[in-house]
Amino acid sequence: MNRPAPESRPRYRGRFAPSPSGPLHLGSLVAALGSWLDARAAGGEWLLRMEDIDPPREQPGAAQDILRTLEAYGLHWDGPVTWQSERSAAYAAALQTLQPLLFWCTCTRAELRAAKGVYPGTCHARRAPPDEKHAAVRLRTPEPLPGFRDRMQGDLTLAAKDTGTDPILRRKDGLWAYQLAVVVDDGAQGITHVVRGNDLLNTTPLQVALQQCLGLPTPDYLHLPVIQDQQGRKLSKQNHAPAIRARDSDRLLRAALLALGLTPPADLLPTELLPWGTEHWVNRQHRLHSVQPSELSGADV
Ligand code: GLU
Ligand code: ZN
């Protein structure tokens, strides 16, 4: 999977990148649908990347379940699925390139807790792996972190306290970290547009910094509103959001369209929902920010 030469870079290549820590729920369906609609409305490609680099957090069967569910909902992807578990060599190569900017961190969770993600600099001087104990590999990030443009929210510069600094690229247990894998793969797959949930907004400055360190282009970003349950909590696997089922696809596709600011006419057939959504996506994007959880109340989420 070589990075395409700039002249062969497509005008639009998007992706959905689920982690197989559980089945899809309505929140992840909204992210999948938003990125699918954005790609299809642009006449672009939509790739599927399974972010299966954290076996301890994976649920057996979840990856296949996610793929089956996406197909049942009509969200077909282009080309073969990329499995991050098969991409170790690319991550190791990227780490090699980043060598001058890396340091080896032996801080414990307890030591870092008070710093709340802003790395206190304790291990900055350790520029090689220690012999005696396991260490995490961290990237020394620039200060301040780069700003970026979100298509809906405009130019953003986030504070270090919101993004954290010096992200882990390889964990103490030897597993690759999300930040490294996501940036290496978005680059290698030639992703031009990232559309994902707003819960990942604060990771974007770290990813842009990493892209700059690796000489990779920064994609166009659109962060979608994250939907909440009746208690105002983000729908997530941690909050035990219910898994979506193939047989509910009509009702839940409608709910996901509503969450994206699109109100499909009541008389549309189930097979007409996605074509209708694709047709109306471009003009309705500006409504994204104004979708209120109450608008979803009829959707029984
Ligand atoms: N795998 C990440 C997740 O499921 C998403 C990565 C991304 O879209 O950048 O939260
Ligand atoms: Zn440290």
Side-chain angles (χ1 to χ4, degrees), residues 14-40 46-52 54-55 57-78 80-85 195-200 224-281 288 291-301:
R15 50 53 163 198
F16 178 53
S19 305
S21 49
L24 285 185
H25 52 78
L26 186 59
S28 40
L29 176 67
V30 171
L33 178 63
S35 69
W36 188 91
L37 289 173
D38 202 52
R40 296 307 181 216
W46 191 66
L47 309 187
L48 212 291
R49 185 170 74 226
M50 197 55 72
E51 303 214 316
D52 56 344
D54 193 354
R57 290 193 51 208
E58 272 154 38
Q59 211 183 77
Q64 290 304 332
D65 189 71
I66 289 170
L67 297 178
R68 268 198 308 274
T69 307
L70 288 171
E71 297 216 291
Y73 278 65
L75 301 175
H76 303 294
W77 55 91
D78 297 306
V81 175
T82 295
W83 298 83
Q84 287 194 326
S85 54
V195 179
R196 59 185 179 187
N198 212 26
D199 52 323
L200 292 166
L224 303 169
V226 169
I227 59 172
Q228 299 171 342
D229 63 13
Q230 311 289 7
Q231 285 79 45
R233 297 175 311 185
K234 178 194 140 187
L235 280 191
S236 68
K237 289 161 196 161
Q238 291 75 23
N239 290 337
H240 309 294
I244 61 174
R245 289 177 226 284
R247 64 167 183 272
D248 296 327
S249 64
D250 183 22
R251 183 173 63 83
L252 293 182
L253 266 182
R254 282 179 181 276
L257 286 166
L258 278 175
L260 293 169
L262 294 159
T263 312
D267 59 354
L268 280 190
L269 295 173
T271 52
E272 293 171 330
L273 287 171
L274 289 177
W276 181 91
T278 308
E279 198 180 312
H280 292 79
W281 172 249
L288 276 174
V291 178
Q292 298 299 319
S294 58
E295 289 188 52
L296 287 168
S297 55
D300 187 24
V301 296

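We're numbering straight along the sequence, starting at 1.
The line from CG of L48 to OG1 of T82 is 8.5 Å long, rounded to the nearest 0.5 Å. Once rounded to the nearest 0.5 Å, the distance linking OG of S19 with CD of Q84 reads 7.5 Å. Here the CH2 atom belonging to W77 is positioned 4.0 Å from the CD atom belonging to E71, to the nearest 0.5 angstrom. In this structure, CH2 on W46 lies 9.5 Å from CG on L37, to the nearest 0.5 angstrom. A distance of 10.0 Å separates OG in S249 from CG in L75, rounded to the nearest 0.5 Å. D38 contributes atom CG, which lies 11.5 Å from atom CZ of R40 (distance to the nearest 0.5 angstrom).
Under the side-chain contact (heavy atoms from CB on, under 4.5 Å) criterion, A31 pairs with F16, sequence neighbours left out. Residues satisfying the salt bridge (Lys or Arg N to Asp or Glu O under 4.0 Å) test with R68, not counting sequence neighbours, are D65. The side-chain hydrogen bond (donor to acceptor under 3.5 Å, both in side chains) test applied to E58 returns no partner, not counting sequence neighbours. For T69, there are no side-chain hydrogen bond (donor to acceptor under 3.5 Å, both in side chains) partners at least two apart in sequence or on another chain. In this structure D248 satisfies the side-chain contact (heavy atoms from CB on, under 4.5 Å) test together with Y73, R245, R251, L252, sequence neighbours excluded. For P275, the side-chain contact (heavy atoms from CB on, under 4.5 Å) test picks out no residue, with sequence neighbours left out. Under the rule for a side-chain hydrogen bond (donor to acceptor under 3.5 Å, both in side chains), W36 has no partner lying at least two apart in sequence or in another chain. Every residue meeting the side-chain hydrogen bond (donor to acceptor under 3.5 Å, both in side chains) condition with D199, not counting sequence neighbours, appears here in chain and number order: K234. Applying the salt bridge (Lys or Arg N to Asp or Glu O under 4.0 Å) rule to R196 yields no partners; only residues at least two apart in sequence or on another chain are considered. The salt bridge (Lys or Arg N to Asp or Glu O under 4.0 Å) test applied to D52 returns no partner, not counting sequence neighbours.
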So I227 and L26, side-chain contact (heavy atoms from CB on, under 4.5 Å) or not? Walk me through it. CA-CA 8 Å; I227 59 172; L26 186 59; 3.6 Å; yes
Between T263 and R254, is the side-chain contact (heavy atoms from CB on, under 4.5 Å) condition met? List the steps. CA-CA 8 Å; T263 312; R254 282 179 181 276; over 6 Å; no
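Residues L268 and P264 approach most closely at CD1-CB, 3.9 Å, considering heavy atoms. Here the closest heavy-atom approach between residue A63 and residue W83 is recorded as CB-CZ3, 3.6 Å. Nearest heavy-atom pair, L33 versus A256, reported as atom, atom and distance to 0.1 Å: CD2-CB, 3.6 Å. Minimum interatomic distance between A32 and L70 (heavy atoms only, all atoms of both residues): CB-CD2, 3.9 Å. Smallest separation of non-hydrogen atoms from L224 and V30: CD1-O, 3.9 Å. The two residues E51 and P20 make their nearest non-hydrogen contact at O-CD, 3.4 Å.
Annotation: side chain of H280 is not in contact with side chain of L257 (no heavy-atom distance under 4.5 Å).
Within the structure, every pair that satisfies the salt bridge (Lys or Arg N to Asp or Glu O under 4.0 Å) test and touches residues 14-31, not counting sequence neighbours, is listed here: R15-D186. Identified under the salt bridge (Lys or Arg N to Asp or Glu O under 4.0 Å) test for residues 255-277, with sequence neighbours left out: none.
A donor-acceptor contact shorter than 3.5 Å is absent between the side chain of S28 and the backbone of L24.
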